[in-house]
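Beneath this line is the structure, given in structure tokens, with notes to follow.
One-based numbering, in listed order, for ligands and for the atoms of each.
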Amino acid sequence: MKTAKYIEIEERYGAHNYHPLDIVIKKAEGVWVEDVEGNRYIDFLAAYSAVNQGHCHPRILKAMRNQAKKCTLTSRAFRNDQLPHFCKEICELTGFDKVLPMNSGAEAVETAVKAARKWGEKVKGVAKNKGEIIVCADNFHGRTTTIVGFSTDDQYKDGFGPFTPGFKVIPYGDDKALAAAITPNTVAFLVEPIQGESGIVLPKAGFLKKARELCTEKNVLLICDEIQSGLGRTGKMFAFEWEGIRPDGAIVGKALSGGFYPVSAFLSNDEVMGVFNPGDHGSTFGGNPLGMAVAREAMAVLVDEKLVKQSAKLGPWFMEKLGEIKSKSIVKVRGKGLWVGLVLNKPARPYCEALMAEGLLCKETHENVIRFAPPLTITKKELNMALRRVAKVFKKIDG
Ligand SMILES: *Cc1c(COP(=O)(O)O)cnc(C)c1O
């Protein structure tokens, strides 16, 4: 079957809630993917950083197969032999006291929101239903009705109201606005250390440090959404480490399972996690043995293959080389580690389509930005191949 036929069927029977590039992938290995026509591409999106370990990593595949044969789901009505290991390993890897596993990223964000609100009422002493959470403009934290309710992107919200109250928006990176927004009812500040979906936007230096100070001073939880920025993407295990701070909670997902299976988690300290009692919160699939076995191996691969270091080492070099590409359409290159945004002065989509024709898969984000985020297993040689393809496309389109 040809590409056009797959697309026709999908368009006919599937909801049109995405606008993908018209490539139909059938196989993937490491940084390479192959479409139904047999064309090969380098994947420079890595499923929004969910496949930091590379596609179909053999070790994770093996762990998944082994566990799938034994037991896939117990529900949390019973215990399973993978969850305890997962909890211990992720806490030791990340330095948090306790973890609550969920499935999608949005669910883990919801978990953080619930934890913060309940901590506010039960520990901080905020009056019932009065807790406030501060978030940033241009945030992306997922797609549930509560989460899109505090988005500043009109399209994410249009038609989906009414929304959950209790959220306040400040400009990203503005510590004065944060200080002014905090009231005695503020329970948490929820922030992406680097904003991915809004175009790899870095806050001004010192912002997170300042936010940490303010939150400590005012008894407000600092919660970092590291679903995309975490687990090595920026060249540190967590992007918040770039400012030398520790938040009170962190949210992880995406690469936590190396792209095999949705596993997400909220990580925090004993005090915050202590607000959850049996029956307060849960998920049928959250913490299931298949997901836990996959996540355990995905974390082990991250460590054993030193992928965090790889990102720290190759990222700055790649960014420098990108900066050498001359074009009247390029405004700037920005990023951290192997997470780079090429900011254009016009729509990025035609460039992404041209890059696809050259065998490089990227996706535009927020209209004018091309995001480069390959699997962290990528080699310098493969990055060089990609750079040549990028240069060729800019030369072809811009002359
Ligand atoms: C992807 C993402 C989410 C949502 O994760 P899903 O698994 O799509 O629900 C939340 N926050 C950030 C920063 C993300 O990049």
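Of the protein's non-hydrogen atoms, Asp225 OD2, 2.7 Å is the one closest to atom 11 (N) of ligand 1.
Relative orientation of the Phe150 and His141 rings is tilted, given thresholds of 30° and 60° on the angle between their planes.
Taking the centre and axis of the six-membered ring of Phe96, the NZ or CZ atom of Arg246 falls inside the cone set by 45° and 6.0 Å.
Judged purely by atom type and a 3.5 angstrom limit, Glu226 uses its side chain to pair as donor or acceptor with the backbone of Phe240. Checking side-chain atoms of Glu37 against main-chain N and O of Thr3 turns up a donor-acceptor pair under 3.5 Å.
Applying the 4.0 Å criterion to heavy atoms of Ala106 picks out, from ligand 1, the atoms 4 (C), 5 (O), 6 (P), 9 (O). Near His141, the atoms of ligand 1 lying under 4.0 angstrom from a non-hydrogen atom of the residue are 10 (C), 11 (N).
The closest approach between any non-hydrogen atom of Lys254 and ligand 1 is below 4.0 Å. For Tyr48, the closest heavy-atom approach to ligand 1 does not fall below 4.0 Å.
Judged by distance alone, the side chains of Ser264 and Glu107 never bring a donor and an acceptor atom under 3.5 Å apart. Defined by atom type and a distance below 3.5 Å, a donor-acceptor pair is present between the side-chain atoms of Lys346 and Ser329. Between the side chains of Gln228 and Glu192, no donor N or O sits under 3.5 Å from an acceptor N or O.
Inclusion of Gly142 in the set of residues having an N or O under 3.5 Å from an N or O of ligand 1 is not warranted. Note: an N/O pair closer than 3.5 Å links Gly105 and ligand 1 by distance alone.
Only the side chain of Glu192 comes within 4.0 Å of ligand 1, counting heavy atoms alone; its backbone N, CA, C and O stay farther away.
Protein non-hydrogen atoms do not reach within 4.0 Å of atom 8 (O) of ligand 1.
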